[in-house]
Amino acid sequence: MESPETFPKIISVDDHTVEPPHVWRDRLPSKYQDRGPRIVRAPLREMSFLGGKFAPVMGEKGEDGPIGDWWVYEDLHRPLTRLDTAVGYDRDEIKLEVITYEQMRTGSFSVPDRLADMDVNHVQSALCFPTFPRFCGQTFTEAKDRELALLSVRAYNDWMVEEWCGPEAGGRLIPLTLIPLWDPELAAAEVRRNAARGVRAVAFSEIPPHLGLPSIHTDAWDPFLRACDETGTVVAMHIGSSSKMPSTSADAPPAVGSTITFANCCFSMVDWLMSGKFERFPNLKVMYAEGQIGWIPYILERADVVWEENRGWGGVADKVTRPPSELFTDHVFGCFFDDAFGLRNLDSIGVGNVLYETDYPHSDSTWPKSREVGEAQMGHLAADVVDRIVRRNAIDLLGLTDAGLWPGA
C-alpha cells in the first residue's frame with residue numbers, strides 16, 4: 001500500500017457541526033426571535049442516558065449545578081454536552097456532562113478552526129451532520145408551530161450552504177441539508193431549492209416510523225424520493241436519526257447501545273432493499289453514516305436467500321425484481337471510521353460501496369489519527385482501492401470536483 005506520505009487526502013462523509021448561537025437568531029423573522037432556537041446559559045438540574053434515551057433537565061438561574069449552554073426552543077431544553085464535542089480530550093475523561101461554547105474545541109463551530117483541525121487530520125473535505133436539529137431535523141418535526149419549524153429548517157439550510165460551506169471554506173466543507181419531514185411535498189420543494197444551488201445530500205431518518213412518520217413501504221415519501229432521484233441528491237441516514245438508539249432494556253448502560261449502533265442501519269437497509277423504491281427511482285442513492293460495514297455481507301446473503309426462496313409469500317415478488325445484493329451495489333453506500341473486519345471482507349461488500357469518515361468532533365472520532373487508522377486497516381489493499389474508499393467514491397457520489405472540493409462554494 002501507499003506510504004504515509006502518499007496516503008490519499010481523506011474526504012470524510014460523516015463529521016458534525018455544532019451550530020453557533022447566531023444561526024436562527026440572524027435568519028428568522030423578528031417576530032420569532034423569542035420563540036426560535038436560542039442559546040441560554042443555565043445550570044443542570046439532572047441528566048441521564050439509559051436505555052438509549054437522553055433525558056436532561058435544565059435548572060433555573062441561581063440554582064446549584066454545573067453550568068452549560070442550552071438550546072431553548074418551544075418546550076425543548078437541550079444542553080451542549082461533552083459528547084457533542086469530545087476531540088482533544090482523553091477518552092477516560094469524556095463523560096456525559098454539560099458544557100459551554102468556551103469549553104469545546106473551537107473547530108466544532110468555527111469554519112477557520114475546523115479547516116485547521118482537518119489539516120491536522122489529513123482531511124481535505126468533510127460532510128457535516130447537525131447537532132441541535134438532531135441528525136435529520138427531528139427537533140423541528142416534533143415542534144408545535146409548523147410555520148416556525150419550516151422557517152427554522154430553511155434557516156438552517158441557508159446557514160449550512162451560505163456560511164458553513166460558504167466561500168471561507170473554499171469548497172472543503174460539503175453541504176448536507178434538512179427537510180420538513182412532516183410534509184413530503186414541502187420536503188421535495190426543499191430538496192429542489194437546495195439542489196439548485198449545488199447541494200447533493202439531504203438528511204433523512206433511518207426508520208421514519210420511530211418518529212411517528214410513514215414507513216418507506218408506503219407511497220407517502222414518493223414526492224421527496226422523486227425529487228432526490230431527479231436532482232441526484234443522496235439520502236444520508238445517520239445512526240440515531242430515528243431518535244431511538246438500539247438498546248436491550250430501559251436500564252442498559254450506554255455501552256450496550258454504543259456497541260450495537262449499527263443495528264438501526266441494518267434494519268433500515270433491509271427496509272430499503274425490500275421496498276421497491278430503488279426500482280421505482282433508478283437514480284436514487286442512500287448512505288449510512290457511522291453505521292460501519294462489517295455486518296453488510298451477511299445481510300446481503302440472507303436478503304438474497306429470502307428474495308429467491310420466499311418472495312412469493314414475503315410480499316415483495318411484485319415490486320423487487322432483482323436480487324437485493326444487486327440493488328445494494330447500485331444504490332447503497334456504507335460508511336465507516338474504524339472497521340478492520342469489514343475491510344477484510346471488502347470483496348463481499350463492494351469496493352464502490354464504501355466511504356470513509358472521521359466523526360469529528362464526537363467521542364468515537366478517530367481525530368487526529370484518521371490517516372493512521374486508515375493505513376493500519378487498509379494495509380492489505382491495493383493503492384487504487386484505498387483511493388476509492390478514502391476519496392474517489394465520495395467524489396463521484398457527492399458531485400465533487402476531481403480535487404475533492406464542493407463546486408458550489
Side-chain angles (χ1 to χ4, degrees), residues 1-16 83 85-94 105 107 114-129 172 174 238-239 255 258-263 265-266 287-299 332-398 400 404:
M1 201 197 74
E2 298 161 300
S3 67
E5 290 74 26
T6 58
F7 188 80
K9 275 297 192 75
I10 298 165
I11 297 178
S12 174
V13 296
D14 171 31
D15 286 357
H16 300 265
L83 299 186
T85 172
V87 292
Y89 287 78
D90 184 272
R91 293 298 172 101
D92 290 336
E93 295 177 358
I94 298 171
R105 193 170 185 87
R114 171 60 64 93
L115 299 181
D117 277 354
M118 288 162 61
D119 289 339
V120 168
N121 200 31
H122 200 67
V123 172
Q124 178 186 331
S125 307
L127 180 83
C128 296
F129 284 81
R172 296 182 63 190
I174 307 161
H238 195 285
I239 59 166
S258 185
T259 302
I260 57 175
T261 50
F262 73 91
C265 296
C266 175
M287 57 170 271
Y288 287 99
E290 209 172 323
Q292 310 292 12
I293 59 175
W295 52 273
I296 292 174
Y298 171 72
I299 292 299
V332 183
F333 294 80
C335 311
F336 77 99
F337 58 84
D338 183 4
D339 192 339
F341 180 83
L343 289 166
R344 290 196 300 271
N345 293 276
L346 191 60
D347 288 346
S348 298
I349 302 169
V351 172
N353 298 85
V354 174
L355 306 167
Y356 198 39
E357 59 184 51
T358 79
D359 197 30
Y360 178 105
H362 284 182
S363 59
D364 261 338
S365 178
T366 51
W367 186 93
K369 297 182 178 181
S370 300
R371 180 178 69 177
E372 289 84 346
V373 171
E375 289 168 350
Q377 296 191 352
M378 300 182 209
H380 63 293
L381 300 174
D384 64 319
V385 173
V386 175
D387 187 71
R388 287 192 68 180
I389 293 171
V390 173
R391 56 184 294 109
R392 175 50 57 181
N393 288 341
I395 288 172
D396 294 343
L397 180 65
L398 298 172
L400 308 180

So the side-chain hydrogen bond (donor to acceptor under 3.5 Å, both in side chains) pairs with at least one residue in residues 338-347 (sequence neighbours excluded) are D338-Q377
Sorted by chain and residue number, the side chain to side chain donor-acceptor pair (under 3.5 Å) partners of Y89 (sequence neighbours excluded) come out as R82
The side chain to side chain donor-acceptor pair (under 3.5 Å) partners of D117 (sequence neighbours excluded) come to R105, Y360
So, does N121 use its side chain to make a donor-acceptor pair with the main chain of S370 at under 3.5 Å? yes
Nearest heavy-atom approach of S12 to D359 is OG-N, 4.3 Å
message = Does K369 have more than 12 heavy atoms from other residues, nucleotides or ligands lying within 6.0 Å of its NZ?
response = no
Rounding to 0.5 Å, atoms OG (S348) and CD1 (I293) come to a distance of 11.0 Å
Open item on the list: Assess whether a salt bridge exists between R392 and D396, defined as any Lys/Arg side-chain N lying under 4.0 Å from an Asp/Glu carboxylate O.
Closed with: yes
Closest non-hydrogen contact found for V13 with A394 is CG1-CB, 3.9 Å
Would you check if the side chain of S365 reaches a backbone N or O of T358 as a donor-acceptor pair within less than 3.5 Å? yes
When every non-hydrogen atom of G342 is compared with those of I349, the smallest separation belongs to O-CD1, 3.7 Å
In short, Y356 meets V390 closest at the heavy-atom pair CB-CA, 4.1 Å
- Query: Between D15 (side chain) and C128 (backbone), is there a donor-acceptor pair under 3.5 Å?
  - Reply: no
- Item | Validation row: R114, P361 side chains within 4.5 angstrom (heavy atoms) | yes
Checklist entry - Is the backbone N or O of V123 less than 3.5 Å from a side-chain atom of R172, with the two atoms forming a donor-acceptor pair by type? => result yes
Check your understanding: Taking the side chain from N353 and the backbone from V332, do they hold a donor-acceptor pair closer than 3.5 Å?
Key -> yes
Taking E290 for the side chain and F336 for the main chain, is one N or O donor matched with an acceptor at less than 3.5 Å?
no
In terms of heavy-atom contacts, G334 and I296 come closest through CA-CD1, 4.4 Å
- When the ring planes of H238 and H362 are compared, do they come out parallel, tilted or perpendicular, using 30° and 60° as the limits? perpendicular
For S125 and G404 the tightest heavy-atom approach is OG-O, 2.5 Å
request  = Please state whether the rings of W295 and Y288 are parallel, tilted or perpendicular, taking 30° and 60° as the class boundaries.
outcome  = perpendicular
### Message
Could you go through I174 and I11, starting from their C-alpha distance and side-chain angles, then the distance that decides it, and tell me whether this counts as side-chain contact (heavy atoms from CB on, under 4.5 Å)?
### Response
CA-CA 10 Å; I174 307 161; I11 297 178; 4.1 Å; yes
Per side chain to side chain contact (heavy atoms under 4.5 Å, CB included), L127 is matched among M287, E357, H16 by M287
*Give the C-alpha distance, both sets of side-chain angles, the deciding distance and a yes or no for side-chain contact (heavy atoms from CB on, under 4.5 Å) between V386 and F7.*
CA-CA 8 Å; V386 175; F7 188 80; 3.7 Å; yes
- Task: Output, in order, the C-alpha distance, side-chain angles, deciding distance and verdict of side-chain contact (heavy atoms from CB on, under 4.5 Å) for T261 and Q292.
- Result: CA-CA 9 Å; T261 50; Q292 310 292 12; 5.9 Å; no
Rounded to the nearest 0.5 angstrom, the CG-CG distance for D364 and D14 is 10.0 Å
Distance col, row F333:CZ vs N393:CG, nearest 0.5 angstrom, shows 6.5 Å
Determine whether I389 and L346 make a side-chain contact, defined as any pair of heavy atoms from C-beta on separated by less than 4.5 Å.
-> yes
